Amino acid sequence: MSDNTITVRFFARLREELETEELNVEALPGLTAGDVLAELASRGGRWAQLQGDQPVMIAINQTMAKAGSSVQGGDELAFFPPVTGG
Amino acid sequence: MITIQSGDFDAAAEYDALRDSGAGTGAIATFTGLVRDSGDLQGVTGLYLEHYPGMTEQVIQGLIDEASKRWDVREARVIHRVGRLALRDQIVFVGVCSAHRGDAFAACEFIMDALKTSAPFWKKEITGDREHWVEQKESDLARSQNWD
């Protein structure tokens, strides 16, 4: 993983429906988690659900984050449905 | 101590280990969660549990730390299973040692309630012919928010 790459991971229902476990995006200055979400949703089709009715939770480097949280090269960004363990 | 594992656990052995562990322990509260036959779907025959390795342990450790700030916690043990589970299988174990019962009950309930809405686990219900990712419950969110 190069320094200007952000790793994006998906879990559970999102992983299955997007048929994607992991992908990389380029880290641009001032990029937020919400920007990455919007960019992926703009691919259309099943990706549109990332900005659909169902909430998407966000983690950056394995810590809960918000859409406005900034991301940079080397970060691990994760998108997943609300959690249901226990 | 926190363990995420696919295999079963022995709740009695975990209780014994907690009993042997903490100086000043006068009370132990434990909770064990099991796979039940009805959730979002009826006739559930099993579950599949997925987690986010690394983040899961970090989040649960944060919950134990938070419980230790609020109550007298001498020792805490959390086990959560992942992978394929059958009906009545054990899913989760939370055990807390404290000096007194009030703190043991409260810390155990807090860790369990907060785990359900903040630890990255996802359950998929399996029936004879269907699979369904479980939706987060409003009632679970409300229970968790009660501790704020």
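Every value quoted in this text rests on a predicted model; they were computed, and no experiment measured them. Quick note on labels: first sequence line is chain A, next is B, and so on, each numbered from 1.
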Among B/Gly33, B/Gly54, B/Gly62, which residue forms the greatest number of heavy-atom pairs with chain A at distances under 4.5 Å?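 Most heavy-atom pairs under 4.5 Å with chain A: B/Gly54.
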
Greatest number of heavy atom pairs closer than 4.5 Å to chain A - which of B/Ile91, B/Val134, B/Leu49: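 Looking at each option in turn, the highest pair count goes to B/Val134.
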
Answer yes if B/Phe110 and B/Met1 sit in the same cluster of Ile, Leu, Val, Met, Phe, Trp and Tyr residues linked by side chain heavy atoms under 4.5 Å apart, and no otherwise.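 No; tracing contacts between hydrophobic side chains, which count when under 4.5 Å, never links both residues.
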
When you group the ILVMFWY residues by side-chain heavy-atom contacts below 4.5 Å and let the links chain together, are A/Leu37 and A/Leu18 in the same group?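 A/Leu18 clusters together with A/Leu37.
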
What part of [X] is in contact with chain A, defined as an atom under 4.5 angstrom from a non-hydrogen atom: side chain, backbone, both or neither?
{"X": "B/Ser118", "answer": "backbone"}
{"X": "B/Trp122", "answer": "both"}
{"X": "B/Lys137", "answer": "neither"}

Is the number of heavy atoms from other residues, nucleotides or ligands under 6.0 Å of [X] [atom1] greater than 12?
{"X": "B/Arg143", "atom1": "CZ", "result": "no"}
{"X": "B/Arg36", "atom1": "CZ", "result": "no"}
{"X": "B/Gln61", "atom1": "CD", "result": "yes"}
{"X": "B/Phe9", "atom1": "CZ", "result": "yes"}
{"X": "A/Arg43", "atom1": "CZ", "result": "yes"}
{"X": "A/Gln72", "atom1": "CD", "result": "no"}

Provide the closest heavy-atom pair for A/Glu16 versus B/Trp133 in the form atom of the first, atom of the second, distance.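 Result for this residue pair: OE1-NE1, 2.9 Å.
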
Flag, side chain of A/Gln62 to backbone of B/Gln58, donor-acceptor distance under 3.5 Å: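 Checking the backbone N and O of B/Gln58 against the side chain of A/Gln62, no donor-acceptor pair under 3.5 Å is found.
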
Do B/His80 side-chain atoms and A/Gly86 backbone N/O form a donor-acceptor pair below 3.5 Å?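 Side chain of B/His80 to backbone of A/Gly86, a donor-acceptor pair under 3.5 Å: yes, one is there.
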
Nearest 0.5 Å, please: how far is OH in B/Tyr52 from CD in A/Glu76?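 Going from the CD atom of A/Glu76 to the OH atom of B/Tyr52 covers 3.5 Å.
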
side-chain contact (heavy atoms from CB on, under 4.5 Å) between B/Met55 and A/Phe80, intermediate numbers included: CA-CA 13 Å; B/Met55 181 171 173; A/Phe80 44 81; 4.2 Å; yes

What I'd like to find out is whether the side chain of A/Val83 reaches to under 4.5 Å of the side chain of B/Gln136, using heavy atoms alone.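 Side-chain contact under 4.5 Å: yes.
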
